[in-house]
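In what follows, chains carry the letters A, B, and so on, assigned in the order in which the sequence lines appear, proteins first and then strands, with residues in each chain numbered from 1.
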Protein chains: 2
Amino acid sequence: MKTAQADRAEQAVAELLADEGLRFTPARRLVVRALADAPGPLTTGDLHTALRSRLPLSSLYRTLTVLAAARVLAREHDGGGVARYELAEWLTGHHHHLVCLVCGEVRDVSIDPQTEGTIAALVERIAGGAGFEATGHRIDIEGKCAACRRR
Amino acid sequence: MKTAQADRAEQAVAELLADEGLRFTPARRLVVRALADAPGPLTTGDLHTALRSRLPLSSLYRTLTVLAAARVLAREHDGGGVARYELAEWLTGHHHHLVCLVCGEVRDVSIDPQTEGTIAALVERIAGGAGFEATGHRIDIEGKCAACRRR
DNA sequence: ATAGCACTGATAATCATTCTCATTCTCGTT
DNA sequence: AACGAGAATGAGAATGATTATCAGTGCTAT
Ligand SMILES: [Mn+2]
Ligand SMILES: [Mn+2]
Ligand SMILES: [Zn+2]
Ligand SMILES: [Zn+2]
């Protein structure tokens, strides 16, 4: 996320937390910033490595739980079952993921609005056919990332 | 999965296991059958509930591990991080999932070949643009299932 | 300054999953 | 039919990630 956008997101987070009677403490700011700077969702381990000197593990876990409950963060799980967190889509915009099956990296990727429209339409159709009310979708593209390809 | 197809799948599994010097034991047969009959991927808990009288938990876990390593089963993780298993796509055919955010159910859904072709094409395009070599994709449609809708 | 909450961080507890190991089973060979 | 090697089983212990506890600290409004 580029800095201007990240600053705006941080502002939005501050307001949301205030509304819920929660504070935007240093710990929470550290986590939000780390995720805003990341090219994709980060595991708890990634975050712990990055922030270990400034944020004990138990506090990191609590912070992630609180921010996810407040819908500031979205939590998902990768193929190995380890939790990954990213800023919620109302902060980052809708997007999808490239998942490298070799190194495990997960990277954000956006689709042009035109194509995204096509997808939304076919998702509607498929869901409707099954009596299912679709509210969103998630696409993971699996394969080999650029770095892993060249070796 | 309908029975004729399930029988064929079971046959294919028997052959694959034999090739690997593994046996198609009663425990493995129970698990493969349970998954062949299921409308979507099952959690370890689902399977344990269904098979508890015939298969101790430690054996269930080992069976799942062995079958997944042999590529008979595919393992994924749902939003809450619990493992889900299903027959590998070379047995079931390629498909996607409807994920109910209310009750947690996950159901298989197939897309017509025409639409699947469209998806494959745009996946190629998106991946290529990022220097990524796509080998597959996964689509989860999230929302409210038919049962949860009507109450 | 005081009271009431929110927050922190160390630690203990939980829960799913994996590991260990003694025992049993299968299958091919004598 | 008895034998031996490797495969499989099942009970229980161990692991690892995550969550819960709780005593102490910090903010903020009155
Ligand atoms: Mn993302
Ligand atoms: Mn499936
Ligand atoms: Zn990679
Ligand atoms: Zn439902």
Side-chain angles (χ1 to χ4, degrees), chain A residues 13-35 41-70 72-86 104 106, chain B residues 13-35 41-70 72-86 104 106:
Chain A
V13 170
E15 286 167 21
L16 171 59
L17 291 179
D19 282 352
E20 311 245 344
L22 300 173
R23 301 188 212 141
F24 200 12
T25 61
R28 292 169 188 176
R29 220 174 268 279
L30 281 174
V31 168
V32 168
R33 281 188 181 150
L35 291 173
L42 300 183
T43 64
T44 310
D46 293 336
L47 287 163
H48 183 228
T49 299
L51 306 175
R52 85 164 69 245
S53 61
R54 283 170 290 175
L55 191 56
L57 187 56
S58 67
S59 296
L60 170 58
Y61 270 109
R62 183 162 18 67
T63 299
L64 291 170
T65 302
V66 168
L67 291 178
V72 169
L73 304 184
R75 170 179 164 160
E76 55 204 87
H77 284 83
D78 65 21
V82 330
R84 287 182 175 272
Y85 288 88
E86 64 182 342
V106 181
Chain B
V13 169
E15 285 166 23
L16 171 59
L17 291 179
D19 282 352
E20 311 244 346
L22 300 172
R23 301 189 210 140
F24 200 12
T25 61
R28 292 170 188 174
R29 220 173 267 279
L30 281 174
V31 168
V32 168
R33 281 188 182 149
L35 290 174
L42 300 183
T43 64
T44 309
D46 293 336
L47 287 164
H48 183 228
T49 299
L51 307 174
R52 87 165 67 246
S53 62
R54 282 171 291 174
L55 192 55
L57 188 55
S58 68
S59 297
L60 171 59
Y61 270 109
R62 184 163 18 69
T63 299
L64 291 170
T65 302
V66 168
L67 293 178
V72 169
L73 304 186
R75 170 180 165 159
E76 54 205 270
H77 284 84
D78 66 20
V82 332
R84 285 182 177 272
Y85 289 88
E86 64 183 341
V106 181

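Side-chain proximity of B:Thr25 to the nucleotides D:dT9, D:dT18, D:dG6 is greatest for D:dT9. For B:Arg75, counting side-chain heavy atoms from C-beta on, the closest listed nucleotide (D:dC27, C:dT18, D:dA8) is C:dT18. With D:dA11, D:dA8, D:dT19 as the choices, the nucleotide that has an atom nearest any side-chain atom of B:Pro56 turns out to be D:dA11. For B:Ser58, the side-chain atoms get nearest to D:dG10 when compared with the rest of C:dT18, D:dG10, C:dT17. For B:Arg62, the listed nucleotide lying nearest its side chain is D:dG10; candidates were D:dG10, D:dA17, C:dC25.
Contact annotation: B:Thr44 side-chain N/O to C:dA16 OP1/OP2 distance is not under 4.0 Å. Considering only side-chain N and O atoms, A:Tyr61 lies under 4.0 angstrom from the phosphate OP1 or OP2 of D:dT18.
In this entry the distance linking CZ of A:Arg28 with C1' of C:dT8 reads 10 Å, nearest Å.
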Decide yes or no on side chain to side chain donor-acceptor pair (under 3.5 Å) for B:Asp46 and B:Thr43, but give the supporting numbers first.
CA-CA 5 Å; B:Asp46 293 336; B:Thr43 64; 3.1 Å; yes
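For the pair B:Thr44 and B:Val82, the minimum side-chain heavy-atom distance is 4.5 Å or more.
At the heavy-atom level, A:Ser59 lies under 4.0 Å from base atoms of the strands shown.
Checked by atom type and distance alone, the side chain of A:Asp19 never pairs as donor or acceptor with a backbone atom of A:Leu16 at under 3.5 Å.
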